[in-house]
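All figures in this text were calculated on a predicted structure; none of them were measured in a lab.
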Amino acid sequence: MSNDKTEPAELVWHAGDIAYRVVWHSEAGVPPPRRVVVADDTLTADTAYRFACEGTAMLWRGDFQNARQLLQAMARRADKRIRAGGKSSADYPEAFHRKRMAQAQRARVLGMLLIPFEAGHVIPLRRAPDVREACEAVHGLADVPYVTSLRELLGLIGAHEWRRRGVDIPALGARIHPHYGVFSPVRGEYVALVADAPLPKAIADNNLAFDIGTGTGVLAAVLAKRGIKHVLATDQDARALACARENVERLGLGRQIEVLQDDLFPIGQAPLIVCNPPWVPGKPSSALEYAVYDPESRMLRGFLGGLSAHLVPGGEGWLILSDLAEHLKLRSRETLLAWVDQAGLRVLGRLDARPTHAKATDSDDPLHAARAAEVTSLWRLGRA
């Protein structure tokens, strides 16, 4: 990509004695496959799946829509294999780690079907869609040919549609438009908790709030809609910052919300500080997963550790957190409360909500028992 200052990785494949090289692109940071074969419409799904499982990538030269159908057929084979090896279990956290490994293997296998691009984000295949707008929104301009996985391309196209249409947020009476790589606010229970929780009395003297790790800016917007005159929304991810700023302007809240690049807290103190950190301790495998997985609970512990110093007397910190990690036995409630106590904080109250997303009712999910028991809470925290 022309906006990448580092030397781009290359995909190399051979046809006879001739070696071909082209720029390799992966937003997930996946290295280029070492073995590549050229494939077309004559390739069967069984052969493609076997190639992928063996670590051989397929550079597609056939019809684009046939490639999509082939990827779907490969996905069905991968999902069948996962279901066969992962029955519902309460043996946590082993079941959680097994599922993560299976998901990583599935992503690796499905990432082996590759699509070529000409300069300008043009796909030189029959019945290929025009994806230039979607690709430029993520990658910027492309002045050289490149190759990427079809799976990643379809994810990019889907994300572009999310960004174009937006996500309806009843608490705002408006839509939030997530950017690629920024977690979409499709789980409405945490937004509703922030919309309904009673504001601290200290707001009357200092009408200010901090939104830590703002992402799309949805919680900052909810606070502004509730009448808070000044909201400082922080994030350290460039895409999240651009996304939040665009949503703030689209909603006409630019005078109330200031989006800042900061690691956790901005300078100063506030009567209300809100944070919805990733809820599962674990290593993210993509940029989007940083909204779900928090390595060693670093963001959660960082928020708790710095909260007291940034609260005005009588102020509240709102920690919005799912207890899924507790049901998966990745973190205990006692550990969480110990961190609260060690940070010089006390629990003032708690509001709970049951998730309504599809995974909570999927009985075929190996983690079904944990997901069915999950509760998302808004912890009202104050200085001890």
Given side chain to side chain contact (heavy atoms under 4.5 Å, CB included), test V218 with Y190 step by step and report yes or no. CA-CA 10 Å; V218 61; Y190 76 94; 4.0 Å; yes

For A353, enumerate each residue passing the side chain to side chain contact (heavy atoms under 4.5 Å, CB included) test, keeping only those at least two apart in sequence or located in another chain. E189, L193

With a 4.5 Å heavy-atom cut-off, do H97 and L330 have their side chains touching? yes

Compile the donor-acceptor pairs under 3.5 Å between side chains in residues 334-347 and protein atoms, sequence neighbours left out, one pair per line.
from : atom 1 : to   : atom 2 : distance (Å)
T335 : OG1    : S332 : OG     : 2.8
R346 : NE     : R383 : O      : 2.9

Once you round to the nearest 0.5 Å, how far does OH of Y49 lie from CZ of R76? 12.5 Å

Donor-acceptor pair, distance only, cut-off 3.5 Å: does the side chain of T234 make one with the backbone of F265? no

If you draw a 6.0 Å radius around CD in E133, do more than 12 non-hydrogen atoms from other residues or ligands fall strictly inside? no

Are the side chains of R68 and Q65 in touch, meaning some heavy atoms are under 4.5 Å apart? yes

Mind checking whether T214 and I257 have side chains closer than 4.5 Å, heavy atoms only? no

Please report the shortest heavy-atom distance between R350 and R333, naming the atom on each side. NH1-NH1, 3.5 Å

Backbone of L264 reached by a side-chain donor or acceptor of Q236 within 3.5 Å: no

Spacing of T376 atom OG1 and R187 atom CZ [to the nearest 0.5 Å]: 5.0 Å

Do any pairs count as a salt bridge (charged side-chain N to carboxylate O under 4.0 Å, His left out) and have a residue in residues 33-48, sequence neighbours left out, and if so which ones? D41-R126, D46-R77

Can any side-chain N or O of D323 pair as donor or acceptor with the backbone N or O of E326 at less than 3.5 Å? no

So, for A244 and G215, which heavy atoms are closest and what is the spacing to 0.1 Å? CB-O, 3.5 Å

To the nearest 0.5 Å, what is the distance between CG (D263) and CD1 (I212)? 10.0 Å

Is there a path of hydrophobic side-chain contacts, each under 4.5 Å between heavy atoms, that joins L172 and I320? yes

State yes or no: do V375 and F96 share one hydrophobic cluster built from I, L, V, M, F, W and Y residues joined by side-chain heavy-atom distances below 4.5 Å, directly or via other members? no

Quick one: which residue pairs count as a salt bridge (charged side-chain N to carboxylate O under 4.0 Å, His left out) with a foot in residues 302-319, not counting sequence neighbours? E316-R380

Determine whether Y146 and V38 fall in the same hydrophobic cluster, where Ile, Leu, Val, Met, Phe, Trp and Tyr are linked whenever their side-chain heavy atoms lie under 4.5 Å apart. no

Output, in order, the C-alpha distance, side-chain angles, deciding distance and verdict of side chain to side chain contact (heavy atoms under 4.5 Å, CB included) for L141 and E136. CA-CA 6 Å; L141 300 176; E136 285 184 6; 3.7 Å; yes

If we only count heavy atoms from C-beta on, is the P178 to V167 side-chain gap below 4.5 Å? yes

Under 3.5 Å, is there a donor-acceptor pair linking the side chains of R108 and Q105? yes

I would like to know whether R239 and E27 meet salt bridge (Lys or Arg N to Asp or Glu O under 4.0 Å); could you show each step before the answer? CA-CA 13 Å; R239 284 179 174 162; E27 278 295 313; 2.8 Å; yes

More than 12 heavy atoms of other residues, nucleotides or ligands under 6.0 Å from CD of E296: is that the case? no

For the residue pair R226 and I203, establish whether any side-chain heavy-atom pair is separated by less than 4.5 Å. no

Would you say the side-chain atoms of H121 and H139 include a donor-acceptor pair closer than 3.5 Å? no

To the nearest 0.5 Å, how far apart are SG in C275 and CG in L300? 8.0 Å

Can you check side chain to side chain contact (heavy atoms under 4.5 Å, CB included) on L125 and W60, steps first, answer last? CA-CA 9 Å; L125 300 176; W60 192 254; 3.8 Å; yes

Would you say L153 and I123 make side-chain contact, with heavy atoms under 4.5 Å? yes

Among L208, L311, L199, which one satisfies side chain to side chain contact (heavy atoms under 4.5 Å, CB included) with P271? L208

Is there a path from L351 to V274 through hydrophobic residues (I, L, V, M, F, W, Y) whose side chains come within less than 4.5 Å of each other? yes

Hey, could you give me the CZ/CZ distance between R250 and R175, rounded to the nearest 0.5 Å? 10.5 Å

Are V191 and I228 linked, directly or through other ILVMFWY residues, by side chains that come within less than 4.5 angstrom of each other? yes

Quick one: side chain to side chain contact (heavy atoms under 4.5 Å, CB included) partners of E249, sequence neighbours excluded? none

Look at the aromatic rings of F183 and W279 and report parallel, tilted or perpendicular, splitting at 30° and 60°. perpendicular

Judged by atom type as modelled, is there a donor-acceptor pair below 3.5 Å linking the side chain of W24 to the main-chain atoms of V30? yes

Keeping N247 on the side-chain end and I176 on the backbone end, is there a donor-acceptor pair under 3.5 Å? no

Measuring from atom CG of L156 to atom CZ of R151, what distance do you get when rounded to the nearest 0.5 angstrom? 13.0 Å

To check you understand the geometry: which heavy-atom pair defines the closest contact between S149 and L114, and what is its length? CA-CD2, 4.0 Å

Considering non-hydrogen atoms only, spot the tightest contact between H310 and I273 and give its length. O-CD1, 3.3 Å

Heavy-atom check, side chain of V22 versus side chain of F117, under 4.5 Å: no

Do the side chains of P116 and L59 get nearer than 4.5 Å, heavy atoms only? yes

State which residues pass salt bridge (Lys or Arg N to Asp or Glu O under 4.0 Å) with R132; sequence neighbours excluded, sorted by chain then number. D130

Short question: side chain of R106, backbone of D79 - any donor-acceptor pair under 3.5 Å? no

Can you give me the closest heavy-atom contact between L241 and D235, atom names plus distance? CD2-O, 3.5 Å

For the pair V194 and N276, evaluate side chain to side chain contact (heavy atoms under 4.5 Å, CB included) and give the outcome as yes or no after the intermediate values. CA-CA 10 Å; V194 172; N276 174 217; over 6 Å; no

Of all heavy-atom pairs linking R163 and H177, the shortest is O-ND1, 2.7 Å

